[in-house]
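This structure is a prediction, so every number in the text was calculated from the model and none was measured. In what follows, every heavy atom counts, from backbone to side chain, and hydrogens, waters and symmetry copies are set aside.
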Amino acid sequence: MGGAQREGTHSAVDLTGLLGDLRAESEELDGLVADLDEHDWRRETPAPGWTVAHQIAHLAWTDEKALLAATDQEGFRAEAEAAPANTRGYVERGAERGAREASAELLERWREGRKRLSTALAATPESTRLPWFGPSMSVASMVTARLMETWAHGQDVADALGVTRTPSPRLRHIARIGVRTRDFAYGVHGLQPPPEEFRVELTGPDGDAWHWGPPHAQQRVTGPALDFCLLVTQRRHLEDTALRAVGSDALQWVRIAQAFAGPPGQGRAPGQFA
């Protein structure tokens with residue numbers, strides 16, 4: 001349900017560019033589902049109990065909550081405080097309600113909701129802190145969190161439909177969240193994060209080198225950016241990626257990494273997509 005980012009500075013953020021990337025990610029997923037018949041909307045995805053309709057309903061529901069956070073912070077806080085302690089159940093009920101809608105109605109609700117959210121975020125001062133289910137976020141972080149979640153749930157839809165998506169440079173936003181949520185992943189597993197920074201070196205879809213952390217760090221994670229993004233969104237098991245972890249702490253991290261808020265997810269089984 002959105003990102004669980006360690007907040008830092010977002011100096012010289014190109015919010016217009018970020019929103020453009022979010023729209024592009026949403027449109028790519030829209031293209032996968034727009035012409036599906038009712039049978040395919042009810043097709044099971046790799047997320048247990050979730051159909052294609054559940055995936056889109058969840059995105060529509062979360063966009064609506066993000067819109068509330070951007071336009072009525074007190075209203076959002078009141079709703080969040082009234083939500084059940086079982087966050088996962090609360091989220092799943094939202095998806096379940098939406099999945100019962102006719103596919104055309106659900107698709108239109110998602111389209112309209114994401115359009116309204118984009119407009120609201122573009123009009124929000126970049127210095128604003130938006131409340132969320134967990135730590136508050138900057139506007140830029142909210143946008144990248146929505147992009148990350150759209151991409152991750154889009155992967156579930158693509159897997160259900162047997163579609164291989166072409167990775168784009170937008171993955172850099174997701175990889176960045178994956179790096180920034182390192183300590184969060186330790187925390188949700190009841191573990192103390194290591195004090196030293198790790199080095200993460202990834203190869204982007206166009207062959208670009210993406211890197212975070214000290215260049216001479218002893219703990220390192222390297223490999224394709226796509227695999228890293230699939231790992232931190234828990235859409236692929238570590239054994240099914242080409243990632244390489246050097247150092248015991250780095251190896252522990254890639255086994256528990258999660259870029260999304262909430263309790264640890266079930267992830268995917270090794271060899272599930274062979």
Side-chain angles (χ1 to χ4, degrees), residues 1-31 59-60 62-71 73 76 110-132 134-155 165-184 197 199-215 224-230 232-233 259-261:
M1 183 169 57
Q5 302 186 47
R6 291 187 299 170
E7 282 288 5
T9 58
H10 284 279
S11 58
V13 168
D14 177 12
L15 189 59
T16 300
L18 280 174
L19 287 167
D21 283 348
L22 173 57
R23 283 192 293 272
E25 198 62 49
S26 299
E27 288 166 3
E28 182 175 307
L29 175 54
D30 195 309
L59 291 175
T62 314
D63 283 346
E64 289 164 3
K65 301 309 175 189
L67 178 63
L68 182 62
T71 59
Q73 294 194 17
F76 176 87
W110 177 47
R111 287 171 172 171
E112 182 60 27
R114 70 188 201 234
K115 185 187 303 180
R116 293 176 63 198
L117 176 60
S118 180
T119 300
L121 291 173
T124 303
E126 291 184 25
S127 59
T128 304
R129 303 292 302 181
L130 301 176
W132 198 236
S136 64
M137 296 189 192
S138 68
V139 178
S141 288
M142 178 65 81
V143 177
T144 54
R146 298 309 308 131
L147 191 156
M148 178 271 292
E149 193 166 30
T150 300
W151 181 83
H153 289 281
Q155 185 64 46
R165 301 187 296 177
T166 301
S168 83
R170 296 189 298 271
L171 289 178
R172 188 178 188 116
H173 302 304
I174 302 163
R176 182 172 180 271
I177 294 177
V179 172
R180 289 165 60 83
T181 52
R182 187 201 73 166
D183 290 1
F184 170 80
E197 291 187 66
R199 177 71 169 180
V200 178
E201 297 179 349
L202 305 175
T203 304
D206 296 330
D208 297 343
W210 302 347
H211 49 80
W212 294 266
L226 174 60
D227 286 10
F228 184 76
C229 292
L230 289 167
V232 299
T233 57
F260 52 88

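- Atom OG1 of residue T144 and atom CE of residue M137 lie 7.5 Å apart, to the nearest 0.5 angstrom.
- Applying the salt bridge (charged side-chain N to carboxylate O under 4.0 Å, His left out) test to R199 and every residue at least two apart in sequence or in another chain returns E201.
- Across all non-hydrogen atoms, the minimal contact from G213 to E197 is CA-OE1, 4.1 Å.
- Judged by distance alone, with hydrogens and angles left aside, the side-chain atoms of T128 form a donor-acceptor pair with the main-chain N or O of P125 at under 3.5 Å.
- Between the side chains of S138 and S141, at least one donor N or O sits under 3.5 Å from an acceptor N or O.
- Looking at residues two or more places apart in sequence or on another chain, you find no salt bridge (charged side-chain N to carboxylate O under 4.0 Å, His left out) involving D227.
- Within the 4.5 Å cutoff, no side-chain heavy atoms of W212 are placed close to those of R180.
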Exercise for the section: Go through L59 and L29 one step at a time and tell me if the side chain to side chain contact (heavy atoms under 4.5 Å, CB included) criterion holds. Expected result: CA-CA 11 Å; L59 291 175; L29 175 54; 3.5 Å; yes
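- Contact of the E149 side chain with the T62 side chain is registered, since non-hydrogen atoms from C-beta on lie closer than 4.5 Å.
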Exercise for the section: Give the C-alpha distance, both sets of side-chain angles, the deciding distance and a yes or no for side chain to side chain contact (heavy atoms under 4.5 Å, CB included) between L130 and F76. Expected result: CA-CA 10 Å; L130 301 176; F76 176 87; over 6 Å; no
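- A donor-acceptor distance shorter than 3.5 angstrom exists from the side chain of T119 to the backbone of K115, with no hydrogens or angles considered.
- Taking 4.5 Å as the limit, some side-chain heavy atom of R170 sits within range of a side-chain heavy atom of E28.
- Counting all heavy atoms, side chain and backbone alike, A259 lies closest to T181 at CA-OG1, 3.6 Å.
- Taken from CG in D21 to NE2 in H173, the straight-line distance is 3.5 Å, to the nearest 0.5 Å.
- When all heavy atoms of S136 and R129 are compared, the closest pair comes out as O-NH2, 3.1 Å.
- The line from CD of E27 to CD of E25 is 10.5 Å long, rounded to the nearest 0.5 Å.
- Nearest heavy atom pair, residue L202 against residue A175, reads CD1-CB, 3.8 Å.
- Annotation for A225 and G204: closest pair CB-CA, 4.0 Å, computed over non-hydrogen atoms.
- Here the rule is side chain to side chain donor-acceptor pair (under 3.5 Å) with D63, and of R116, R146, R114 only R146 fits it.
- Of the inter-residue distances, the one linking R176 atom CZ with R172 atom CZ reads 9.5 Å to the nearest 0.5 angstrom.
- Taken from CD in Q155 to CD1 in I174, the straight-line distance is 10.0 Å, to the nearest 0.5 Å.
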Practice task
Go through L18 and L22 one step at a time and tell me if the side chain to side chain contact (heavy atoms under 4.5 Å, CB included) criterion holds.
Solution key: CA-CA 6 Å; L18 280 174; L22 173 57; over 6 Å; no
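- How far OG1 of T124 is from CG of L15: 8.5 Å, rounded to the nearest 0.5 Å.
- The side-chain heavy atoms of I177 and V232, taken from C-beta on, include no pair separated by under 4.5 Å.
- Shortest non-hydrogen contact noted between A70 and L121 is CB-CD2, 4.0 Å.
- Taking the side chain as every heavy atom from C-beta outward, L171 and P205 approach each other to under 4.5 Å.
- Annotation: W210 is not in aromatic contact with F228 [ring centroid separation under 6.0 Å not met].
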